[in-house]
Amino acid sequence: MGGPETVAARPVRAADELPELPEATKGKVVLRLAPFPSGALHIGNARMVFLNDYYRRRYDGRLLLVFDDTVGSEEKRVDSELFGVIQEDLRRCGVDVDGVLYKSDRLATHYQWAERVIALGATYVCVCPSELLQANRRAGVACPERTETIEETQALWKRMLSGEFAPGEAVLRLKTDLQGPDPAFRDRVLFRISDLDHPRVGHRWRVWPLLEFSWAVDDIELGITHVLRGKDLVMEDRMERHVWDLLGIRGPPFLHWGLLRVREAKISKSKSYVEVKSGVYDGWADPRTWSLASLVRRGITVDSMRSFTMSFGLSLADIEVPAETLYAENRTRIDPIARRRMFAADPVTLQVEGFPADLISVTLPNHPERQELGDRTLPLSGSFLLARSDVVAHAGETIRLKDLANVELPATIPDSGPVAGTFAGRENRRVPRLQWIPEGHSVSVDLLDLQGQHLVGVAEAALRDAAPGEVLQFERFGFVRTEDDWTPRSSPVRVCYGHP
RNA sequence: GCUCCCGUAGUCUAGUCCGGUCAAGGAUAUCGGGCCUUCGACCCGACAACGCGGGUUCGAAUCCCGCCGGGAGCACCA
C-alpha cells in the first residue's frame, strides 16, 4: 500500500475510443456520480458527468447518483434546492441514472464501519483544538490521545455520539504514519461533530463522516466497481485504500482526469450561488454561471458538450481550453439546421431615396444551402432598419442591403432621426453586405448576452415563426436560441445569445 | 517546505505501458486562396510541437537518471 498508484487506463483500443476500464465486465460495471449539492452542474463538472455516462453505456452498466451531502461546512452548505436542479441537469443532458441515493441517509452504516476500524485500534478520538492538530500534523508529532486504548477510544466515540462534545471538541482520527513523507496524509480526520442544520435530515446526526471515509464505506456497500473522479481527489483514493487494507477488503480501482477549465468561464460556484439566490442572476441557467443548463439555453447541444468533453479523454493534465473550441464543435451541429434571420441591435432608420417603387417584396431562403428549410417573404417600402454600428462604420460608403440592393450612405450619420441613403442599383456588387429589416414589419427583440445584459433590437417579422427553444442564426451576428418560456404571441421576442 | 500529478505546435489531443511502420496523426486557432449575396458554412493550401541535459540502444516522443516549468494536496470542505 502507500503510494497513490492511480490505475493506468488501458490504451488498448480502437481509434476514437477511450481506454478500457480495468477489469471491467460488460453488464457488471457499477459507477457513481457524486455531486455536492451546492450549485448546478457546470462546464467544469461535465467530465464527471459525461465520462461516467460514457462508461456506463459502454459496459451496459449501472450509474448511481449519490448526493455527497454530508453536512459540509459554513462555507459549503448543502442546499436542498440543488437535489432537484442537479437531477434536472442530468435529465436534460440525457444522462440516465439507475438510482438516487443520499449520503445523509447512510450515517448508520458509516457508524458501523467506524466501530469496525475502532475495534482494530486503527483510530483514536482526538480532542486537540484544530490549530494544534494541524500544527502537530505538520511537525509529525503525535497528539496525547494517540496512545489511548481501544476501549478508551470506544468510550470516547460513544460520548461523541451521545452529544457530550460540542462541535470542534472531538474528532475520530485514523492512525497513519506520522513520519510519513506526505504531511497531507498524516492521521486524517474520519468523523467530526457538526451542529449545522441539514436540509434533509435536520439535526438527526451530529457526528458526520468526512468524504474519504464515507466513500471508503459506500464504494464497498454500494458495490461500486470503478471510481471515476477528478484528480483533485487522488488523496482520497489513498485514504479509501488504507481503510480497505485495514479491513482486508479489495476495493474498486480509481481512474482520474485533470481539471478542465474553459478560458472565458471564470466559474465560481460560491459566487454563482449567492447571485442566483439573491436574484441578481437569472436562475441557474444564467449565462454567467456557465452551467450545463445555461449552455443548453444558449443553443449549445448536449451532443456538442459531450464530444467537447470527451475529446480530452482521461488526460491527467490540467487544461484550459478556449470556449471557441466548444463553439466550433457546436457550429458543426447547428449551422446546418439553424434558420437564418436578420437582426439589428440599436437600430437606425435608413430611408433610401430612389428605391424602386415596384419592388414591393423579396423572398429569401431560410438557409443558404438547404432549400428544404423553406423561405420567407419580406415586404419592402424603401425604408429599413439597420444596426447603428453598421451604418456608422460604413458612413460615406456604398453598402449592400444583403440579398437586395446597393445603397450609398451619407458621410455623416445623425445622432437621432432617420438616415438618408441613395439607391445605387440592384446588381450584386462586392461591397459590405449589411443585414436589414423592413421598417413597419419588424418585431422587437430582447437578447440576453453572456454578461447577463439585455440588448434591445429588432428583427424581421418572420422571427415570430420560431418555436420556443429554437436555435437560429442572426446573420452577421451569431447564433441565438429563443427562450423556452417565450411564446410566439408575446413581444418582444426573447432570445439568448449563443456564440459566433 | 513536504507529497503527488502533469509537461507533444497558440490551444487541446493521438502516439509513451510492449523503442523502429512517427522525417509525429487529428481538432481548433491563425494566415493565404476558392465558393455561396453573412463577420457564418463549405472546399483547398500554409504555418506550427516531442520542456532541457545526460545515459542505454544499431535506433528514443517512447526506457533510465538529473534538472526546469506548471498544477493539486498538506481543512474538524467536498
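Order of the sequence lines fixes the chain letters, A, B, ..., with proteins taken first and strands second; residue numbering starts at 1 for each chain.
At B:A78, one or more side-chain N or O atoms of A:Thr70 fall inside 4.0 Å of OP1 or OP2 (strictly under the cut-off). Contact check, A:Arg429 against B:U37: no side-chain N or O comes under 4.0 Å of OP1 or OP2. The side chain of A:Gln134 contributes an N or O atom lying less than 4.0 Å from OP1 or OP2 of B:C76. Remark: A:Ser311 is not in phosphate contact with B:C12, judged by side-chain N or O atoms under 4.0 Å from OP1 or OP2. A close approach under 4.0 Å does occur between a side-chain nitrogen or oxygen of A:Arg137 and OP1 or OP2 of B:C76.
Nearest nucleotide to the side chain of A:Asp335, out of B:U28, B:A41, B:A78: B:A41. Listed nucleotides: B:A78, B:G73, B:U11. Nearest to the side chain of A:Asp68: B:A78. The side chain of A:Asp403 sits closest to B:U37 out of B:U13, B:C76, B:U37. In this structure, of B:C74, B:C76, B:A41, it is B:C76 that holds the atom nearest to the side chain of A:Val171. In the set B:A78, B:G71, B:U38, B:G71 carries the atom at the smallest distance from any side-chain atom of A:Asp318. Considering only the side chain of A:Arg340, B:U38 comes nearest among B:U38, B:C6, B:U3. Here the nucleotide nearest the side chain of A:Arg433, chosen from B:U38, B:C74, B:A78, is B:U38. Nearest nucleotide to the A:Leu316 side chain, out of B:A78, B:C6, B:A41: B:C6. Of the candidate nucleotides B:U38, B:C12, B:G40, B:G40 has the atom nearest to the side chain of A:Arg331.
Between the side chains of A:Tyr54 and A:Arg58, a donor-acceptor pair is found at a separation under 3.5 Å. For the residue pair A:Glu148 / A:Thr153, a side-chain donor-acceptor distance below 3.5 Å is found, with atom types taken as modelled. There is a side-chain donor-acceptor pair under 3.5 Å between A:Arg341 and A:Asn366. For the residue pair A:Arg333 / A:Ser307, a side-chain donor-acceptor distance below 3.5 Å is found, with atom types taken as modelled. Side chains of A:Ser214 and A:Lys103: a donor-acceptor N/O pair is present below 3.5 angstrom, by distance only. Side-chain atoms of A:Thr309 and A:Arg47 include no donor-acceptor pair closer than 3.5 Å.
We find that CG of A:Leu210 is positioned 12 Å from P of B:A75, with the value rounded to whole Å. When rounded to the nearest whole Å, the span between CG of A:Leu255 and P of B:C17 equals 19 Å. Rounded to whole angstrom, the span from the CG atom of A:Leu314 across to the C1' atom of B:U16 amounts to 16 Å. The CD atom of A:Gln435 sits 17 Å away from the P atom of B:U37 (whole-angstrom rounding).
For B:U37 and B:A27, the C1' atoms lie 31 Å apart once the distance is rounded to whole Å. Here, B:A61 and B:C17 have their C1' atoms 14 Å apart, quoted to the whole Å.
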Please produce a list of atom pairs where a protein N or O lies less than 3.5 Å from an N or O of nucleotides 47-51 of chain B.
none

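Distance CG/A:Leu463 to CD/A:Glu470: 8.5 Å, rounded to 0.5 Å.
The pair A:Lys277-A:Glu81 counts as a salt bridge, with a side-chain nitrogen and a carboxylate oxygen less than 4.0 angstrom apart.
At a threshold of 4.0 angstrom between heavy atoms, the contacts of A:Asp69 with the nucleic acid are absent. At a threshold of 4.0 angstrom between heavy atoms, the contacts of A:Glu320 are confined to the sugar-phosphate backbone, with no base atom among them. Here A:Gly72 lies in heavy-atom contact (under 4.0 Å) with sugar-phosphate atoms only.
Classified by interplanar angle (parallel below 30°, tilted 30° to 60°, perpendicular above 60°), the ring pair A:Tyr102/A:Phe67 is parallel.
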- Here RNA chain B, pairs taken as Watson-Crick or G-U under 3.5 Å and shown with ( ), [ ] when crossing and | when to another strand, reads (((((((..((((......[....)))).(((((.......)))))....(((((..]....))))))))))))....
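The ring of A:His110 has its center no closer than 6.0 angstrom to the ring center of A:Trp208.
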